[in-house]
Amino acid sequence: MSTKGIIALAVGSGLLAIGAAPARADVVSDGGFEINTTTGLRLPTEYALWSGDVVEIVTARDGIAPFEGAQMVHFLYSTPRGPAGGVIGSELWQIIDVSAYRDLIDSGRALADAEGWFNRVGGEDPDIDTQFSIVLSAYAGAPADFPGMWKQSELALVEGFAYTDGDTQTWEMATTSMLIPVGADFLVYRITSTENVFDDAFGVEFHGHYGDAFSLEITEVPAPASLALLLGGALTMSTRRRRGVTG
Ligand SMILES: [Ca+2]
Ligand SMILES: [Ca+2]
Ligand SMILES: [Ca+2]
């Protein structure tokens with residue numbers, strides 16, 4: 001209940017800002033895993049809850065401190081039941097309510113920018129996986145129907161990757177963005193730790209893989225002709241931030 005209140009407030013303030021200046025508002029709920037809104041071992045069917053494969057919310061572990069706050073997400077297994085061969089992603093989903101942005105989306109000028117941070121253990125084991133990603137997808141319909149839609153019915157889907165180093169003191173950033181398709185009723189934000197090096201079928205799939213500080217901001221694209229300019233500016237800005245935080 002309180003979670004939904006926070007989200008409504010965040011969306012509301014974003015909406016107010018859109019009419020004036022290009023201000024930004026985060027529409028992900030508990031993107032920093034500080035209030036434990038992670039729930040089911042299944043695809044989500046309602047707004048503002050993280051749900052998916054087997055993960056746990058932890059404090060500092062494996063020599064890795066959370067990127068922000070006191071907690072972070074620890075990716076454990078590639079399915080809701082545990083380890084499996086042939087399945088390489090430990091994924092967590094959240095359905096994002098964008099109803100407050102309805103008019104902006106249907107004008108074709110709603111830009112969604114996602115950003116998040118990943119880190120993992122180092123060590124000599126050559127089987128340690130390194131790849132993480134954020135996937136942003138858009139759908140028409142109702143959140144309750146999402147489990148039947150996700151593999152085939154998205155209006156748009158983008159993915160941004162982070163390839164992590166073996167230094168536990170640095171966090172690596174992933175970003176991705178999309179122009180939200182006209183007619184989209186909700187977005188889905190997915191974070192993934194991927195077995196890109198070795199697909200374990202049993203036991204430990206990930207040696208110590210973490211994520212934190214996931215955000216999504218929706219802003220108005222000023223005019224079609226300015227889009228290329230705006231994206232160029234956003235790229236420059238994220239490069240500067242990456243250097244500032246990890247350098
Ligand atoms: Ca956190
Ligand atoms: Ca690192
Ligand atoms: Ca693995």
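Count residues from 1 along the sequence. Each ligand, and each atom within it, is numbered from 1 in the order the structure gives.
The Ca ion (ligand 3) is closest to atom OE2 of Glu195 (considering only N, O or S atoms). Among the heteroatoms counted here (N, O or S) of Glu205, O is the one nearest to the Ca ion (ligand 3). The atom of Glu34 that is an N, O or S and sits closest to the Ca ion (ligand 1) is OE2. Residue Asp200 approaches the Ca ion (ligand 3) most closely through its N/O/S atom OD2. Closest N/O/S atom of Asp165 to the Ca ion (ligand 2): OD1. Within Asp129, OD2 is the N, O or S atom that lies nearest to the Ca ion (ligand 3).
Note that the CD1 atom of Ile64 and the CG atom of Asp212 stand 11.0 Å from one another [nearest 0.5 Å]. Expressed to the nearest 0.5 Å, how far CD of Gln131 lies from CD of Glu172 amounts to 13.5 Å. The CD atom of Gln94 lies 11.0 Å from the CG atom of Leu187; values are rounded to the nearest 0.5 Å. Glu205 contributes atom CD, which lies 7.0 Å from atom OG1 of Thr79 (distance to the nearest 0.5 angstrom).
By the rule that hydrophobic residues join a cluster once side-chain heavy atoms approach within less than 4.5 Å of another member, Met149 and Ile95 end up as members of one cluster.
Among Phe214, Phe206, Phe161, the single residue meeting the ring-ring contact (aromatic ring centres under 6.0 Å, His included) criterion with Phe118 is Phe214. Trp93 pairs with exactly one of Trp150, Trp50, Tyr139 by the ring-ring contact (aromatic ring centres under 6.0 Å, His included) rule, that one being Trp150. With Trp117 as reference, Phe67 is the one residue of Tyr210, Phe132, Phe67, Trp171 to meet the ring-ring contact (aromatic ring centres under 6.0 Å, His included) rule.
The Ca ion (ligand 3) has no N, O or S atom of Asp127 under 3.0 Å away, backbone or side chain. Not one N, O or S atom of Phe206 sits under 3.0 Å from the Ca ion (ligand 3). Distance check for Ala70 against the Ca ion (ligand 1): none of its N/O/S atoms falls below 3.0 Å. Not one N, O or S atom of Met72 sits under 3.0 Å from the Ca ion (ligand 1).
Here Gly32 contributes O and Asp212 contributes OD2, and at the Ca ion (ligand 1) these two atoms make an angle of 130°, given to 10°. Put simply, the angle at the Ca ion (ligand 2) from OG1 in Thr170 to OD1 in Asn119 is close to 130°, to the nearest 10°. The O atom of Gln71 and the O atom of Glu68 subtend an angle of 110° at the Ca ion (ligand 1), given to the nearest 10 degrees. Between Glu172 atom OE1 and Asp167 atom O, the angle centred on the Ca ion (ligand 2) amounts to 170° (nearest 10°).
No side-chain N or O of Asn196 forms a donor-acceptor pair with one of Tyr163 less than 3.5 Å apart.
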